[in-house]
Number of protein chains: 2
Amino acid sequence: MSMPESTLETALRPQRDAQRTRTAILAAAQDAFSTRGYTDTGVREITAAAGVNPALVSRYFGSKERLYEAALSELLDTKQVIGLPRESFGMAVVDLLTDSQRSRRNPLPMMMLASADPTARAITDRLLKELFLEPLAHWYGQERGEGKATCFAALASGLTLYRELYPLNAFGVQMSAETRAWLVAAFQSLID
Amino acid sequence: MSMPESTLETALRPQRDAQRTRTAILAAAQDAFSTRGYTDTGVREITAAAGVNPALVSRYFGSKERLYEAALSELLDTKQVIGLPRESFGMAVVDLLTDSQRSRRNPLPMMMLASADPTARAITDRLLKELFLEPLAHWYGQERGEGKATCFAALASGLTLYRELYPLNAFGVQMSAETRAWLVAAFQSLID
DNA sequence: ATGCTATGTAAACCACCGTTTACTTAGAGG
DNA sequence: CCTCTAAGTAAACGGTGGTTTACATAGCAT
């Protein structure tokens, strides 16, 4: 964590580095879980993308479930939402959610694609509450913060679902001004 | 379809009835796919609930995927939404989506729990557009109907996701008046 | 240099699942 | 009554996937 990257050190890098291997597996898992989903991605695919042996998932994370837990934990973060200005909150949120750059390592598709598996869903449920809904509810304010955070999550999830997973035209790259305006107003009305 | 049910006919009913068996499998599949999801329910569970042999899924539906297609097709229906009064549309939709009676055989959880499987998602995508979004867009009106229908689906899916699959307090049985009001206003604003 | 330990690998294990095959049997038609 | 077809069943097949086990080796410490 204190080591900077450089081509010189890359050359001198030891072939065996537990931390680096663990990080590589975690990053590959985040990519795969966000795009193909928890159930549909096997540990063999993840470790192949990381360039290591499948058995290392058990060694470094204990199980595929715990790997999913670590992968989602690192991505679930309210800072991007909480840092937004309240007066133009709706627009900022829609901009954030429709930013085409942030398609990979996105916790929202990751969560929804994991909903089918019972144990992954239980993990998602716990982390979503602890790491996202509770901080967001506190940010909204002590008055009805929980309800507002839940409405936020519902609309954000629905938008992501039909934008990333079921690519619908109306939520695609050429979203109409009216559609965007409705989304902006809906998110903004959670503040006012 | 013209045969009424009676205890007398039940007694005289032949032990082998292809139509009845097919219907029993379909009903069991709708129950299971709506609650546990496409990936997590095996054909053995479905046929066990229907009281028949697993091989009959292949006989009557061709494959598990086609069974899913038949199960979802029968449930996807815009009539419940399209029949609603436009002036109180928001309230009627929220009442419909938060009706605790309609938990089983619900196409929305069924769709979301199937999103993880690639082929099931492709089927869902097609049926959603053909049987729901296009009729709903037409009902909304030729002006921006597609965008409105997509927003409707997004909010309805988000609400169902955090009400049925991840039971969150704010969307549960004791939903606050403010939360409900926000949902009602959001749905209603798609009409006005 | 030489053990020793952490790191990594290959291969097997074991359970599950969708589907197919071979076989049995109920029940209508002659 | 007999036969033939549709309906149903039992069991196996082939593939997959997470995990474990046994083994190899890189790299640090002595």
Side-chain angles (χ1 to χ4, degrees), chain A residues 3 9-29 32-33 36-71 113-114 116-123, chain B residues 3 9-29 32-33 36-71 113-114 116-123:
Chain A
M3 257 185 158
E9 284 176 306
T10 302
L12 303 176
R13 183 177 302 153
Q15 298 177 10
R16 295 187 173 184
D17 186 333
Q19 291 234 23
R20 180 171 302 274
T21 301
R22 210 194 102 105
T23 303
I25 294 173
L26 188 61
F33 289 158
R36 291 190 300 282
Y38 175 80
T39 309
D40 199 48
T41 49
V43 298
R44 286 171 177 85
E45 302 175 46
I46 295 169
T47 52
V52 297
N53 190 276
L56 296 186
V57 165
S58 291
R59 180 189 297 276
Y60 288 115
F61 297 92
S63 64
K64 187 192 176 189
E65 298 171 16
R66 305 257 303 271
L67 172 58
Y68 171 76
E69 183 178 6
L113 289 174
D117 185 272
T119 64
R121 182 164 62 183
I123 292 170
Chain B
M3 254 187 161
E9 283 176 308
T10 302
L12 303 176
R13 182 178 302 154
Q15 299 176 10
R16 296 187 173 184
D17 186 332
Q19 291 233 23
R20 180 171 304 274
T21 301
R22 210 194 103 105
T23 303
I25 294 173
L26 188 61
F33 289 157
R36 290 190 302 281
Y38 175 80
T39 309
D40 199 47
T41 47
V43 298
R44 287 172 176 84
E45 302 174 45
I46 295 169
T47 51
V52 297
N53 190 275
L56 296 186
V57 165
S58 291
R59 179 190 296 275
Y60 288 116
F61 296 93
S63 65
K64 188 192 175 188
E65 297 171 17
R66 306 258 301 271
L67 172 58
Y68 172 76
E69 183 178 5
L113 289 174
D117 185 271
T119 64
R121 182 164 62 183
I123 292 170

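Lettering of chains follows the sequences in order, A, B, ..., and the numbering in each one begins at 1. Computed from a predicted model, the values in this text were never measured in an experiment.
Leu67(B) places its CG atom 16 Å from the P atom of dC17(C), with the value rounded to the nearest Å. The CZ atom of Arg20(B) sits 17 Å away from the C1' atom of dA6(D) (whole-angstrom rounding). Atom CZ of Arg36(A) and atom P of dG17(D) are 11 Å apart (whole Å). Between the CZ atom of Phe61(A) and the P atom of dT19(D) there is a distance of 13 Å, given to the nearest Å.
Looking at Asp40(B) and Leu113(B), their side chains never come closer than 4.5 Å, going by heavy atoms from C-beta outward. Side-chain contact check for Thr47(B) versus Asn53(B): every heavy-atom pair is 4.5 Å or farther apart.
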Just the table, please: protein N/O against nucleotides 5-9 of chain C N/O, every pair under 3.5 Å.
from	atom 1	to	atom 2	distance (Å)
dT7(C)	O2	Arg16(A)	NH1	2.5
dT7(C)	O2	Arg16(A)	NH2	3.4
dG8(C)	OP1	Asp17(A)	N	3.4
dG8(C)	OP1	Thr21(A)	OG1	2.6
dG8(C)	OP2	Tyr60(A)	OH	2.5
dG8(C)	N7	Arg59(A)	NH2	2.8
dT9(C)	OP2	Asn53(A)	N	2.8

For nucleotides 28-30 of chain D, which of its nitrogen or oxygen atoms have a protein nitrogen or oxygen under 3.5 Å away, and what is each distance?
none

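For Asp117(B), the side-chain hydrogen bond (donor to acceptor under 3.5 Å, both in side chains) partners are Thr119(B), not counting sequence neighbours. Every salt bridge (charged side-chain N to carboxylate O under 4.0 Å, His left out) that Arg36(B) has, sequence neighbours left out, goes to Glu45(B).
Summarising the geometry of Ala116(B) relative to Ala116(A), their closest heavy-atom pair is CB-CB, 4.2 Å, with the distance given to 0.1 Å.
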Show me the donor-acceptor pairs within less than 3.5 Å that the side chains of residues 57-65 of chain A make with the rest of the protein, sequence neighbours left out.
from	atom 1	to	atom 2	distance (Å)
Ser63(A)	OG	Arg66(A)	N	3.3
Lys64(A)	NZ	Tyr38(A)	O	2.8
Lys64(A)	NZ	Thr41(A)	O	3.0

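We find the CD1-OH distance between Ile46(A) and Tyr68(A) to be 12.0 Å, quoted to the nearest 0.5 Å. A distance of 8.0 Å separates OG1 of Thr23(A) from CZ of Arg20(A), quoted to the nearest 0.5 Å.
Taking a 4.0 Å limit (strictly below) on heavy-atom distances, residues 39-48 of chain B reaches DNA chain C at Thr41(B), Gly42(B), Val43(B), Arg44(B).
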